[in-house]
Amino acid sequence: MTVRVRIAPSPTGNLHVGTARAALFNWLFARQHEGGRFILRVEDTDRERSLPRFEQNIYDGLHALGLQWDEGPDVGGEYGPYRQSERSHLYTQWAEALLATGKAYYSYETDDELEAMREKAKLAGQPFAYRKPSPQILAAQAAEPNRPKSLRFEIPQPYGPVVLDDAVRGAISFDSALLGDFVILKSDGGPTYNFANVVDDSLMAITHVIRGEDHVSNTPRQILLYQAFAQLGSVDGTPCLVTPPVFAHASMILAPDRTKLSKRFGATAVADYIAMGYLPEAFCNFLSLLGWSPPEGQEIGSLQEYAKLFSFERMAQSPAIFETDKLNFLNKHYLKQLSPQEFADVAEPFVKDLPWTEYSAEDKIALLERVREPITLLRELPEALSYFFGPTVAIPQEITESVVNTADGKAVLMAFKVALSANAFDMSSLEAAAASIKAFIPQLAPLKAKAILWPIRAAVSGRTHGADLNAILYYLGPKRVLARVEEALAGKSSPVSVA
RNA sequence: GCCCCGUUCGUCUAGUGGCCUAGGACACCUCCCUUUCACGGAGGCGACAGGGGUUCGACUCCCCUACGGGGUACCA
């Protein structure tokens with residue numbers, strides 16, 4: 001049997017991290033199996049809220065993460081179309097098959113009437129479950145003009161347990177008596193989620209449904225639908241699934257306050273994380289670790305490696321909180337792995353607006369190398385590089401007071417200035433700059449290296465953290481170094497900061 | 001309200017009755033390395049939600065409570 005899995009997002013918002021993780025697990029599972037297929041199906045049955053730009057955002061996000069799909073609206077496939085809005089005729093067909101065999105019936109209540117029924121049940125302390133009205137009532141309602149008409153699936157009797165044998169959570173039993181006859185075709189003729197989902201998964205020959213825990217409670221309805229279709233055997237010549245797909249429900253991803261991941265929490269869209277400068281590899285690695293654990297604690301792994309290791313057994317049952325600490329760590333890790341050229345490539349979108357004209361292409365790569373180590377996010381790059389540009393640099397008040405304007409600081413800078421003026425400080429190459437620094441330090445004994453290098457660093461870069469000092473000196477060049485030292489000594493911190 | 005699921009260090013998690021004085025990773029703290037900034041290395045802090053059972057023995061099995069989450073829609 002060929003493994004066929006799917007991700008079924010609805011384009012009512014940008015690609016959410018929860019959806020991305022579901023996509024990731026599905027992708028992993030598909031790639032683990034020879035010939036496994038990963039399908040993208042767009043569930044745009046909510047006409048009001050579904051937007052093309054969201055669909056595009058979902059494609060972009062999935063692509064950015066490297067989760068390529070084998071079948072989908074944009075790439076086609078033999079089970080298409082892959083957009084639910086283009087499959088209306090199928091839902092109608094399958095619904096009519098249910099209607100014709102008495103497994104479904106039309107209901108005519110208005111929203112207000114439905115609301116009243118729920119209210120009544122609530123007041124009576126009874127759980128509400130919609131039940132088929134008597135034939136008389138049904139006939140009377142049907143005769144009335146202007147009543148909405150929706151098709152409902154009738155929960156089969158006798159009522160009893162519906163068992164979901166979840167690949168992650170084990171057997172979960174529901175009582176079908178608690179399930180109301182639910183709508184499968186809305187009054188506008190469109191299918192509801194539960195129905196379209198089952199029809200499509202049947203038609204697309206989906207073998208495993210890997211999705212979030214929020215769908216667990218919906219599953220008994222879907223199982224009942226699968227069973228009904230299995231009884232039918234086929235719909236218009238198309239055979240139905242004999243057994244439902246295997247279900248695997250992943251735990252939820254929660255915000256740090258243990259509530260649902262929402263706008264209130266901050267970024268929830270994959271695109272936002274990419275825009276901050278998280279590497280797709282890091283993000284995928286992180287997402288994999290949320291709700292799944294690799295065997296033998298291999299917490300750093302590529303999509304390809306994890307595809308080999310993935311299993312439902314190692315999926316967690318309890319929710320995971322989305323904390324960025326480990327994501328940051330992973331991003332640093334993957335950033336470190338990159339070659340200078342690769343780093344320059346991924347950095348480009350973030351640093352393209354810097355005035356690079358004063359540096360050669362080679363220097364640009366080298367400069368990026370100089371600042372990459374402490375970087376967590378690529379978007380920190382412009383700030384980390386800022387002091388390499390422009391004639392002057394702004395020194396924050398705090399640093400001026402604590403490092404530059406101290407007795408030692410001034411003494412160091414004076415001595416440094418003298419050396420510079422006398423051309424006694426060679427910074428014509430990185431090596432020369434390093435050697436010059438090494439030779440310079442003893443001259444100011446008994447001051448320790450740190451006490452000497454800090455004021456210089458602060459004067460030329462405006463900060464106490466940054467690239468290697470010899471690199472800063474080399475790339476800035478003698479003229480600019482001297483100018484910045486003089487300016488620091490003059491005590492006026494330039495208001496001009498090049499960012 | 002009713003139904004379903006869950007609860008191990010701050011966070012992600014390992015753990016399927018004795019291997020657990022509960023392991024790893026991230027974060028945090030300390031120390032070492034170091035001409036600066038970093039990197040790196042070595043340590044440390046830190047958890048089985050609570051209560052009852054079952055058992056010779058429970059993180060592991062059962063029950064109750066608390067808390068959290070999901071569902072209960074003509075949203076998906």
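So that the names make sense, note that chain A is the first sequence line, chain B the second, and so on, each numbered from 1. Being a predicted model, the structure only gives us computed values, none of them experimental.
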Expected list for residues 7-22 of chain A near RNA chain B, using heavy atoms below 4.0 Å, is Ser10(A)
Does a salt bridge link Glu383(A) with Arg463(A), judged by any charged N lying under 4.0 Å from a carboxylate O?
yes
Between CG of Leu178(A) and C1' of C5(B) the distance, given in whole Å, is 16 Å
Between Gln84(A) and Pro127(A), the residue closer to the 5' end of RNA chain B by nearest nucleotide is Pro127(A)
Separation of C37(B) atom C1' from Tyr474(A) atom OH, nearest Å, is 20 Å
If I pick the P atom on G44(B) and the same atom on G24(B), what distance separates them, to the nearest angstrom?
10 Å
Partner of U34(B) under the Watson-Crick or G-U wobble criteria, both distances under 3.5 Å, comes out as none
Picking from G40(B), U13(B), A76(B), the nucleotide nearest the side-chain atoms of Lys336(A) would be G40(B)
Subject >> Salt-bridge contact Lys122(A)-Glu119(A) (side-chain N to carboxylate O under 4.0 Å) >> reply: no
Would you say the side chain of Ser217(A) and the base of C3(B) hold a donor-acceptor pair, judged only by whether the two atoms sit under 3.5 Å apart?
no
Given the 90°-from-0 boundary between syn and anti, C39(B) should be labelled syn
Closest of C5(B), C74(B), G71(B) to the Ser187(A) side chain is C74(B)
Q: Determine the interplanar angle of the Phe128(A) and Tyr130(A) rings, folded into 0 to 90°, and report it as parallel if under 30°, tilted if 30 to 60°, perpendicular if over 60°.
A: perpendicular
Testing C12(B), C37(B), G71(B) for proximity to the side chain of Asp214(A), the answer is G71(B)
Please list each protein N or O that sits under 3.5 Å from an N or O in nucleotides 7-9 of chain B, with the distance.
none

Separation of C74(B) atom C1' from Lys149(A) atom NZ, nearest Å, is 14 Å
Name the pairs: protein N/O against N/O of nucleotides 26-36 of chain B, kept only if under 3.5 Å.
unit_1: C26(B); atom_1: O2'; unit_2: Asp325(A); atom_2: O; d: 3.3
unit_1: C26(B); atom_1: O2'; unit_2: Lys326(A); atom_2: N; d: 3.3
unit_1: U36(B); atom_1: O3'; unit_2: Trp454(A); atom_2: NE1; d: 3.4
unit_1: U36(B); atom_1: O2'; unit_2: Trp454(A); atom_2: NE1; d: 3.3
unit_1: U36(B); atom_1: O2'; unit_2: Arg457(A); atom_2: NE; d: 3.3
unit_1: U36(B); atom_1: O2; unit_2: Arg457(A); atom_2: NH2; d: 2.3
unit_1: U36(B); atom_1: O2; unit_2: Leu469(A); atom_2: N; d: 3.3
unit_1: U36(B); atom_1: N3; unit_2: Asp468(A); atom_2: OD1; d: 3.4
unit_1: U36(B); atom_1: O4; unit_2: Asp468(A); atom_2: OD1; d: 2.8

Item checked: Electrostatic pair Glu43(A):Arg41(A) at N-O distance under 4.0 angstrom -> yes
